Every structure is written in structure tokens, then in C-alpha cells.
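One-based numbering, in listed order, for ligands and for the atoms of each. Model, not experiment: these values are computed from the prediction.
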Amino acid sequence: MSRRLLIAPSLLSADFARLAEQVRLVEDAGADLLHVDVMDGHFVGNLTIGPFVVKAIRRVARVPLDVHLMIEEPARYAEAFVKAGASILTYHVESREGGPETAERIRRLGARPGITIRPDTPLAAIRDHLPLVDFVLVMSVMPGFAGQAFMGEVLAKTRALREEHGFAGDLEMDGGIDAATVSRCVAAGCNVLVAGNAIYGAPDPSAALRDLRARAEGALPPE
Ligand code: DX5
Ligand code: ZN
């Protein structure tokens, strides 16, 4: 089965004082999506950005925004993020409003819903969400910070999603993806690869993005 590989640089590792430039840089290097990490200081300790900044990014971006909600109330804030320009909105199953009705709400609002799962949460927790979502985002670090080490044990989950659950949608991995780990993700069924530090932390972010894509393509299973 052929799958479209999507590279999604995470803006969390970008220079926020030069956001428009940083968006253009990765778009020119072929980014398919922009990954935007929203943290509320409750679901995770860190606080990042809200709908106002998403709206500003939307104004300068050409590619769709993949907004990763690490917040306790994804249903409450879904409308604000969709209005701000999120094309994909992923919510955590472990959050207070992380039930399947949040997927339905996001779709009704006109965005593509995705369910996100922490490394320590079993796949069984998202079973009821699978028929309702376009994306499954499997986290390969604990949510909260960029630049953490990849947790290889989560690859069993993406493999099981494809092979046992027959999930045919977009399967996204987020956290610690770099030149050394990207091919393992693709071999385990992922087709959407988020990378923060490996792109924005590289001396040449464009070259790093192109290298990630080449490695990902090289790991695609034969048709
Ligand atoms: C972590 C965020 C990730 C993070 C990825 O909570 O969800 O998107 O920014 O950054 P790297 O690729 O540096 O692990
Ligand atoms: Zn993320």
C-alpha cells in the first residue's frame, strides 16, 4: 500500500521572534504541514501558544496547520483553533475532554480530527476513536518539551495500529524524530513525521528537512 509521506516541522523549536521567516524556511524546503504545539500549563506543565498566534501563523503559512492540543479542554477550545486556521486538530485521549465526542465536534467545525496518545497509554484507550478520526498521533516522548530522546518502544503501537486494527488513516509520530530514528517510524507504519529539534536545531534546517524526507522515503515498504 502506498502512503503519502508528510514532513511536519514543529514550530516549538523555531525562533519565535522570527516566526514568519522560520515558516517560509521550512516551506521552501518542502514541509508538507506545520506542527503547532499548544500547551495549557495543566495537561502539561509548560505553556506555549493559543489561537491568536495560530491565526498569525495561518496568515503567513502556505501549508496546512497541524495543531497538537496538549490541553485539558480540547472541546472547549476547538472552535477557537479552527477559526484561527487549524486544518488538523489533535486532542489527547488522556485529557479531561478527551472522549470520542471531541473528534465529532472537531469534524463538525470543519477540521480534520486526530487522536493523540502518550507513550505510557495503551492502544486500547483509543479504540472507540479510530472510526471517527483522520489522524492518530502516537507520541514518542512524554508531551511537554522539544528535544527529548525518542522512545523506541512506542513503535509496537504504530505497527499494531496498521496490522491489527487496520487503521488506514494518517499515522503520525511526534517526539525525538531525527536522522537516526525516522526510518524506524516509517518501517513501523508511520507516514506523518514531526520534527522540531532535528530541523530547527540543525545548522542547515533546509538540508536537515530534505535529509529526513530522503531517509523516510528510503524506509517505505515496497508496494
Ligand atoms: C512535545 C511536542 C513535540 C515536540 C517535538 O511535547 O508535542 O511536537 O515539539 O520536538 P522534537 O522533534 O525536538 O522532539
Ligand atoms: Zn507535538
So is A195 close enough to ligand 1, meaning a heavy atom under 4.0 angstrom away? yes
Side chains of T121 and E94 only: does a donor on one sit below 3.5 Å from an acceptor on the other? yes
Which protein non-hydrogen atom lies closest to atom 6 (O) of ligand 1, naming both residue and atom, and how far is it? G144 N, 2.8 Å
State whether a side-chain donor-acceptor pair under 3.5 Å links D170 with N191. yes
Heavy atoms only: which of A146, S140, A8 lies closest to atom 10 (O) of ligand 1? A146
What protein heavy atom sits nearest atom 1 (C) of ligand 1, and how far off is it? F145 O, 3.4 Å
Give the numbers and elements of all ligand 1 atoms closer than 4.0 Å to a heavy atom of N197. 11 (P), 12 (O), 13 (O)
Holding to side-chain hydrogen bond (donor to acceptor under 3.5 Å, both in side chains), I want the full list of residues that pass it with R213, two or more places apart in sequence or in another chain. D32
Would you mind reporting whether R58 and L65 have side-chain heavy atoms less than 4.5 Å apart? yes
Mind listing the closest non-hydrogen atom pair of M39 and T48 along with its distance? N-OG1, 2.8 Å
Does a donor on one side chain sit under 3.5 Å from an acceptor on the other, for T90 and D66? no
Indicate yes or no: does an N/O atom of V194 lie under 3.5 Å from an N/O atom of ligand 1? no
List the closest protein heavy-atom neighbour of atom 5 (C) of ligand 1: residue, atom name, distance to the nearest 0.1 Å. D174 OD1, 3.5 Å
Report the nearest protein non-hydrogen atom to atom 14 (O) of ligand 1: residue, atom name, distance rounded to 0.1 Å. G176 N, 2.8 Å
In plain terms, say whether K83 and E79 are close enough for a salt bridge, that is, a side-chain N and a carboxylate O under 4.0 Å apart. yes
Mind checking how many protein N/O/S atoms fall short of 2.8 Å from the Zn ion (ligand 2)? 4
Consider every N or O of P143 and every N or O of ligand 1, then say whether any pair is closer than 3.5 Å. no
Between G196 and ligand 1, does any nitrogen or oxygen pair lie at a separation below 3.5 Å? yes
The closest protein heavy-atom partner of atom 2 (C) of ligand 1 is D37 OD1, 3.4 Å
